[in-house]
Each structure stands twice: as C-alpha cells, then as structure tokens.
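Report on the following structure.
Owing to the predicted nature of the structure, the values given are computational and were not obtained by experimental measurement.
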Amino acid sequence: MSGSPAVSRQEFDAIFAAVRTWGSWSPADRGAWNRVTPEHVRRATALVRSGTAVPLGLPWDTRAGPDNDRPALHHMTDLGDVEPAEPATYKDFIAADFHGKAVSHLDALAHVAYRGRLYDGRTAREAVGASGARFGSVAALGPLVTKGVLLDLPAVLGVGWLEPGHPVHARDVAAAERALGVTVDDGCAVLLRSGRFRRRRELGPWDLGAASAGLHVDAVPLLAERAIALLGGDGDSDLRPSPVEGVHSPVHALAVAAMGVPLLDNLDLEALSAACAGTGRYEFMIVVSPLNVPGGTGSPVNPVAIL
C-alpha cells in the first residue's frame with residue numbers, strides 16, 4: 001500500500017497514550033462533546049449565511065450487496081385495513097444492525113474498547129452486557145450543534161475520488177486546510193470526504209472492509225492537538241487494510257477509546273461537497289441528533305449541515 005507506512009503495535013500504543021484524554025470531563029461518557037459550550041453553538045450559528053440545509057444521511061438500504069452484508073429492514077404493518085375505516089392509516093416497521101458500511105450512524109463511546117478498556121479506562125466487560133451499555137451509551141450524548149469542517153480531499157487533489165486503500169496523513173489534513181481555507185479547531189466536527197459514493201455510482205460497490213480510503217494513524221495526533229469534538233466521513237474514518245498489525249480499526253480505537261471522540265460513519269457527502277464548492281466555503285453549522293436509546297452503542301442518524 002504505497003504511502004501508508006506500517007505502524008508497529010508498540011508505536012500504536014505510544015500514540016494511544018499520547019492522545020488519551022481519560023479523566024478530563026464529567027460526565028465522562030459524553031467524552032469530547034463536553035468541549036462544545038454555548039459559545040461554540042453561537043459560533044456555529046454565525047456560519048449560516050444562505051440558510052441552505054444539506055442532509056448527510058444515506059437512504060435506508062434494504063438491498064444486500066458487497067458493501068451491505070446486513071441489510072436494513074422495512075416492511076408494512078398496516079395497509080389501511082386494520083383500524084376503523086376513516087381515516088385510513090398506513091404503518092411500517094424499520095430495524096437495522098447499523099454498525100456496518102451501509103447505514104449512516106453515530107458511534108457512541110460504548111462502541112469501541114482497546115485492550116479491554118472503553119473510554120476513560122472503564123472495563124468493557126463490566127460496562128457493556130446483554131442488556132446494553134451502562135457507560136458511554138448514545139443516550140448520554142444528546143444532540144450536538146457545532147462548527148463543521150469538510151476536508152474534501154478529492155477536490156484538493158483534483159480527482160473524482162480517493163482509491164480504496166489511499167491513506168490520508170497528517171500532512172494531507174494540513175494541506176487540505178490551506179487549500180480549502182478552513183481551520184480545524186476546538187469543539188469542531190471534522191468530516192473527511194474520500195468520494196466513496198461518486199466512485200460507487202461510476203464503478204459499482206465493493207467490499208469496504210477489505211479496502212477503503214481513510215485516515216492514517218499519523219493524522220490522529222494532529223486532530224487530538226486541535227481538540228475536535230466529532231470525526232466523520234463517507235467511510236468509517238479508518239484506512240483499510242489497517243497499517244497497524246493486530247488492530248483492524250486503529251482510528252476507531254484512537255478516536256473513541258482514547259480521545260472520547262464519537263464517530264459518524266457512512267455519510268453521503270456528495271451534495272455537501274457540491275454546496276461547499278458552489279459557495280467557496282468549507283465550514284458550516286452541523287446538527288447531529290442521535291436517537292435516545294438507553295444502553296445503545298450508537299444510533300442511525302441523519303446529520304444536517306447548514307450553510
């Protein structure tokens with residue numbers, strides 16, 4: 001994998017220790033969302049100029065495919081023939097095993113443990129059981145309103161998309177900031193566009209578990225230094241194959257378990273890319289409102305960027 005140097009487990013553990021923020025906040029299971037104050041919200045609202053709202057969630061995908069091995073469920077439960085005649089009502093059922101590659105979702109802090117520890121050093125086996133999470137659940141997070149930054153790597157590089165396996169290094173993040181005129185700073189949400197869905201439209205689906213563009217672990221200390229609150233992208237933020245031996249999702253481990261930064265996975269960033277290009281602005285207000293699921297390790301979500 002050209003440009004993606006291997007990282008030893010020892011080196012990875014050193015990065016984990018360097019970016020770890022355990023013991024920093026109360027309540028701990030909101031993690032880095034504690035960084036977002038009313039002032040951050042006011043700062044975000046000041047970025048709204050046109051009032052254009054861009055949804056970032058994917059359509060509910062019930063079709064199996066190489067990038068959807070656990071299709072979501074949707075079926076009708078009432079076709080207007082169950083209740084008294086007027087008014088007729090139509091009802092349906094939805095469900096999803098959403099931690100995968102096909103559903104736009106938020107990873108809460110209960111979703112990822114490294115060496116048996118969740119964020120803040122909580123023992124995973126004690127904190128998460130058959131009834132759900134007792135620490136770090138998505139219900140602890142609540143909604144988030146903050147500044148969002150789109151790091152549109154294909155736009156910076158003048159390509160349609162990043163090929164699967166393409167690493168995004170710290171130097172690439174810094175170059176994207178300069179090229180797009182944005183600054184990743186405290187309390188913000190960073191969204192990385194690889195062009196996954198443009199590539200999918202033009203070339204068809206593929207197994208993202210085997211190969212996907214994403215952040216190399218050397219980019220994470222930069223994001224930690226900038227004190228971000230949220231990380232997301234049109235993939236799951238991780239580079240695959242992983243550059244770290246024995247760690248299949250190193251960015252998940254660093255962001256969620258070490259830094260307390262929830263992740264947004266599988267966003268459709270194509271419309272946002274076009275909107276940002278049209279305005280020449282790659283920062284905006286973002287609203288993320290996960291479902292209130294007590295004990296849940298995450299939630300399907302449809303974030304909205306407002307320009």
Who are the side chain to side chain contact (heavy atoms under 4.5 Å, CB included) partners of [X], not counting sequence neighbours?
| X | result |
| --- | --- |
| P55 | N302 |
| T77 | H75, K91, F93 |
| V145 | V41, M285, V287 |

Atom CD of Q10: over 12 foreign heavy atoms under 6.0 Å =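 No - once you tally the heavy atoms of other residues, nucleotides and ligands closer than 6.0 Å, there are 12 at most.
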Report the C-alpha separation of F135 and V128 in whole Å, then their side-chain angles, then the decisive distance to 0.1 Å, and conclude whether the side-chain contact (heavy atoms from CB on, under 4.5 Å) test is met.
-> CA-CA 7 Å; F135 172 84; V128 185; over 6 Å; no
Cluster question for you: counting only ILVMFWY and a side-chain heavy-atom cut-off of under 4.5 Å, with indirect links fine, are F98 and V288 together?
-> no
Verify the cluster assignment for F197 and L239: are they in a single hydrophobic cluster under the rule of side-chain heavy atoms below 4.5 Å apart?
-> no
Centroid-centroid distance, Y114 to Y119, less than 6.0 Å =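 Here the rings of Y119 and Y114 have centres that are no less than 6.0 Å from each other.
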Classify the side-chain pair [X]/[Y] by whether it contains a donor and acceptor separated by less than 3.5 Å.
| X | Y | answer |
| --- | --- | --- |
| R240 | S249 | yes |
| H252 | D238 | yes |
| D172 | H216 | no |
| N266 | S104 | no |

Nearest-0.5 Å distance, CG of residue L144 to CZ of residue R35 | 12.0 Å
Nearest-0.5 Å distance, CG of residue L291 to OG of residue S299 |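 Result: 3.5 Å between the selected atoms.
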Test: [X] and [Y] ion pair at under 4.0 Å:
| X | Y | answer |
| --- | --- | --- |
| D186 | K147 | no |
| K101 | D265 | no |
| D234 | R196 | no |
| E202 | R198 | yes |
| R226 | E177 | yes |

Would you sort out whether D29 and R122 count as a salt bridge (Lys or Arg N to Asp or Glu O under 4.0 Å), showing the intermediate values?
-> CA-CA 10 Å; D29 51 2; R122 306 300 176 99; over 6 Å; no
Applying salt bridge (Lys or Arg N to Asp or Glu O under 4.0 Å), run through R134 and E126 and close with a yes or a no.
-> CA-CA 8 Å; R134 293 178 290 278; E126 296 176 359; over 6 Å; no
Step by step, work out the side-chain contact (heavy atoms from CB on, under 4.5 Å) result for Y282 and L151.
-> CA-CA 8 Å; Y282 286 81; L151 298 181; over 6 Å; no
Under the side-chain contact (heavy atoms from CB on, under 4.5 Å) criterion, do V244 and E11 qualify, and how do the steps go?
-> CA-CA 9 Å; V244 183; E11 290 171 321; over 6 Å; no
Stepwise salt bridge (Lys or Arg N to Asp or Glu O under 4.0 Å) test for D268 and R193 | CA-CA 9 Å; D268 187 344; R193 176 177 174 261; over 6 Å; no
Parallel, tilted or perpendicular: rings of W22 and F16 (30°, 60°) |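 Taking W22 first and then F16, their aromatic rings stand perpendicular (interplane angle over 60°).
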Which class fits the ring pair H111 and H99: parallel under 30°, tilted 30 to 60°, perpendicular over 60°?
->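 It falls in the parallel class, under 30°.
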Looking at W206, does the NZ or CZ of R199 lie under 6.0 angstrom from its six-membered ring centre and within 45 degrees of the ring axis?
->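 Yes, R199 and W206 form such a contact.
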Could you walk me through whether T297 and D107 pass the side-chain contact (heavy atoms from CB on, under 4.5 Å) test, one step at a time?
-> CA-CA 7 Å; T297 63; D107 290 341; over 6 Å; no
Step by step, work out the salt bridge (Lys or Arg N to Asp or Glu O under 4.0 Å) result for E245 and R9.
-> CA-CA 6 Å; E245 184 179 1; R9 191 66 172 270; over 6 Å; no
